[in-house]
Trainee: 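Encoded as structure tokens, here's the structure I'll be asking about.
Read the numbers this way: they start at 1 and go in the same order the structure lists the ligands and their atoms. Fair warning: this is a prediction, and the values are worked out from it, not measured in the lab.
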Amino acid sequence: METEMNLQPQPHVLLFPFPVQGHIKPMLTLAQLLCHSGIHVTFVNTEHNHLLLTQREALSARFPTLHFHSISDGLPSDHPRSLNPYFIDIVTSLRSKTGPLLHQLLVSLTSKTDVDSAADQLPPLSCVITDGLMCFAIDAADKVGIQVIAVRTSSACSVWCYLCVPKLIEEGQAPFGDEESDKMVLGVPGMEYILRRRDLPSICRAPTNHTVRQFFVEEHIAITRASGLILNTFDELESSVLSHIASKFPKIYAIGPLHALLQSRVGDDDLSSSSAAAASLRREDRRCMMWLDSQEAGSVIFVSYGSLVKLTRVQLLEFWHGLVNSGSPFLWVIRSDVLHSTEVEHANRVTPVELEMGTKERGFIVDWAPQEEVLAHEAVGGFLTHSGWNSTLQAIWAGVPMLCWPQLADQQVNSRWVGEVWKIGVDMKDTCDRATVETMIKALMHGEEREVISRAVDQYAKSARTSVGEAGSSYHNLETLISDLRTLVI
Ligand code: UDX
């Protein structure tokens, strides 16, 4: 069967992630899943990120049909490339400069004019799988006459909200002011009586005609031109929302959690952590694993704000006081760029002595952690998270209750689902004063609700395991995606 499959001509697919960590990681996992079934993948990063992925060769050695290619993002080499506050700079440059370069690449790959020596073996390109925030790839693929499938790396519940934003604007429910934050939202079918305005994607908070909101609206209109949508979620977690989204696309493929599906398909327990490290744009500080080994089971609160969220120094200090006062041991990821650039000059101010002492006694701070392994460590009993979708799925997979402090994009929606729909954590949206942080950590780690939350998250962890197993929904949906890609072979 395997030999027969290898003799068939294999499709060649180009994967094109939005150039940030939270998008590259799940798309690189998808690339490995496709390569594992024999499909050729050309994975296109911006030149900047291409150089940061230092383990490309090891990945290509493991998956010989995985080929990396880089393309300019059109920005000067000394540009900080930080989404906050340069989001519009970045997406404007991607559309105007990278778009034409992508088109040239598609021309060369479809006509089989090789772009580099590795491409010698490649069959002509048969499909583009683009990040749904870069729909200029749909225009480029249209011009060369090949199909496009889009990927959104966030939750189905947030994608459905984004798709409904034009309607919310038309009905006057977005944008909204602070005083309207607790009004219920009625314009997102299936979410009536769940969503308050404060739970909408963060673009709904921006003033009228804000360019970032305009960008998201345009991309979520353009994305519906794709011939299918891939989501990093699983049917059992978001079935009702998935059925709403299905009305907008010819095909939907819910194939998450991707990192777990890769482990299940390849059958190698170590693959998930090596694959996570290979997709990381930053170097992991593994010393924290030894520190975790020295802690009691279920005692540690792990704190991470993902790859994009920025804090003020005041917020950082409020978290610090709250963490120390909670009495729980804590592992805290403080990225070197976590402070807003306007705050950096205050960063070296003297830290209150009680915080230094409390951290020495019970804390461990790193710049970047091997997060999937941390969440799976038996010492970790809770996760204070910004509710990025990768982090949320990783916590569900590991069965770790969450305390959510969402800041941007889809995170506001995800945290509402965690707190109100799945009931696998608590939502601390829009506040982080030290007393609240302390009280909520205590409640999450030791309060009455902990048992109920733990039971709920364990249930979802079990259904995630079922979904990536051989008879499971994500496993099956990936098979469908692969066989659909095979029908496109030129
Ligand atoms: C943001 C969004 O909020 C997210 O929902 C969207 O889909 C992508 O953009 P980000 O801030 O990067 O993403 O958060 P998240 O989606 O949680 O991704 C962060 C990734 O970095 C995760 O895979 C996490 O495991 C990894 N990480 C984070 C580490 O490996 N180490 C760390 O110390 C922190």
Trainee: Check for me whether L308 has a heavy atom closer than 4.0 Å to any atom of ligand 1.
Mentor: yes
Trainee: Indicate, as side chain, backbone, both or neither, the part of R282 found under 4.0 angstrom from ligand 1 when only non-hydrogen atoms are considered.
Mentor: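 The answer is neither.
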Trainee: Return a yes/no value for G306: is any of its N or O atoms, backbone included, closer than 3.5 angstrom to an N or O of ligand 1?
Mentor: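 For ligand 1, there is no N or O atom that lies under 3.5 Å from one belonging to G306.
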Trainee: Check ligand 1 against W389 and write out every atom of the ligand that is under 4.0 Å from a heavy-atom position of the residue.
Mentor: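 That gives atoms 4 (C), 5 (O), 16 (O) of ligand 1.
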Trainee: Using a 4.0 Å cutoff against the non-hydrogen atoms of K25, which atoms of ligand 1 qualify?
Mentor: 23 (O), 24 (C), 25 (O), 26 (C), 30 (O)
Trainee: Touching ligand 1 at all, R152? Heavy atoms, strictly under 4.0 Å?
Mentor: no
Trainee: With distance as the sole test, does N325 use its side chain to make a donor-acceptor pair with the main-chain N or O of H321 at under 3.5 Å?
Mentor: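 Yes, because the side chain of N325 sits within donor-acceptor range (under 3.5 Å) of the backbone of H321.
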Trainee: In terms of ring plane angle, is the pair W422 and W417 parallel, tilted or perpendicular, where the classes change at 30° and 60°?
Mentor: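 Judged by the thresholds at 30° and 60°, the geometry between W422 and W417 is perpendicular.
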Trainee: Can V20 be said to touch ligand 1, with heavy atoms closer than 4.0 Å?
Mentor: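 It does not, in that no heavy atom of V20 comes within the 4.0 Å cut-off of ligand 1.
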Trainee: Check whether the side chains of D433 and T436 place a donor and an acceptor atom closer than 3.5 Å, and report yes or no.
Mentor: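 D433 vs T436: donor-acceptor pair found between side chains.
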Trainee: Should the pair R95-E219 be classified as a salt bridge under the 4.0 Å nitrogen-to-oxygen rule?
Mentor: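 Salt bridge flag = yes for E219 with R95.
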Trainee: What's the shortest distance from atom 27 (N) of ligand 1 to any protein heavy atom, and which residue and atom give it?
Mentor: W368 CZ2, 3.3 Å
Trainee: I need the atoms of ligand 1 closer than 4.0 Å to a non-hydrogen atom of Q411, numbered in the order shown.
Mentor: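 Taking each heavy atom of Q411 in turn, ligand 1 has 2 (C), 3 (O) under 4.0 Å.
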Trainee: Heavy atoms only: which of S307, A277, S155 lies closest to atom 10 (P) of ligand 1?
Mentor: S307
Trainee: Within the 3.5 Å criterion, strictly below it, is a donor on N414 or S155 matched to an acceptor on the partner's side chain?
Mentor: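 N414 vs S155: donor-acceptor pair found between side chains.
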Trainee: Salt-bridged, R197 to D178, with N to O below 4.0 Å?
Mentor: no
Trainee: Mind telling me whether W405 and Y305 have parallel, tilted or perpendicular rings, with 30° and 60° as the class edges?
Mentor: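 It falls in the perpendicular class, over 60°.
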Trainee: Would you please determine whether S304 falls within less than 4.0 Å of ligand 1 on a heavy-atom basis?
Mentor: yes
Trainee: Any luck finding a side-chain donor-acceptor pair between W389 and T233 under 3.5 Å?
Mentor: no
Trainee: Between K167 (side chain) and G187 (backbone), is there a donor-acceptor pair under 3.5 Å?
Mentor: yes
Trainee: Among S154, A276, S158, A369, which one puts a heavy atom closest to atom 33 (O) of ligand 1?
Mentor: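 Looking at heavy atoms only, the winner is A369.
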Trainee: Report, in ascending order of atom number, the atoms of ligand 1 lying under 4.0 Å from any heavy atom of T153.
Mentor: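 With T153 as reference, the close atoms of ligand 1 come out as 7 (O).
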Trainee: State, without any angle test, whether W368 and S280 hold a side-chain donor-acceptor pair at a distance under 3.5 Å.
Mentor: yes
Trainee: Please determine whether a side-chain nitrogen of the Lys or Arg among R198 and D427 lies less than 4.0 Å from a carboxylate oxygen of the Asp or Glu.
Mentor: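 Judged by the 4.0 Å cut-off on N to carboxylate O distance, R198 and D427 do not form a salt bridge.
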Trainee: Do me a favour and list the nearest non-hydrogen protein atom to atom 13 (O) of ligand 1 with residue, atom name and distance?
Mentor: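 Atom 13 (O) of ligand 1 sits closest to the protein heavy atom G22 CA, 4.1 Å.
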Trainee: Give the single entry among Q394, Q371, Q412 that approaches atom 23 (O) of ligand 1 most closely by any heavy atom.
Mentor: Q394
Trainee: Give me the nearest non-hydrogen protein atom to atom 2 (C) of ligand 1 as residue plus atom name, then the distance to 0.1 Å.
Mentor: D410 OD1, 3.4 Å
Trainee: Would you say ligand 1 has an N or O under 3.5 Å from any N or O of H386?
Mentor: yes
Trainee: Taking only Lys NZ, Arg NE, NH1 and NH2, and the carboxylate oxygens of Asp or Glu, determine whether E372 and K25 approach each other closer than 4.0 Å.
Mentor: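 Yes, E372 and K25 are salt-bridged.
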Trainee: I'd like to check which ligand 1 atoms, numbered from 1 as shown, lie under 4.0 Å from a non-hydrogen atom of N390.
Mentor: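 In order of numbering, the contacting atoms are 15 (P), 16 (O), 17 (O), 18 (O), 22 (C), 23 (O).
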Trainee: Counting only nitrogen or oxygen atoms and a 3.5 angstrom limit, does S391 reach ligand 1?
Mentor: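 Yes, since at least one N or O of S391 sits under 3.5 Å from an N or O of ligand 1.
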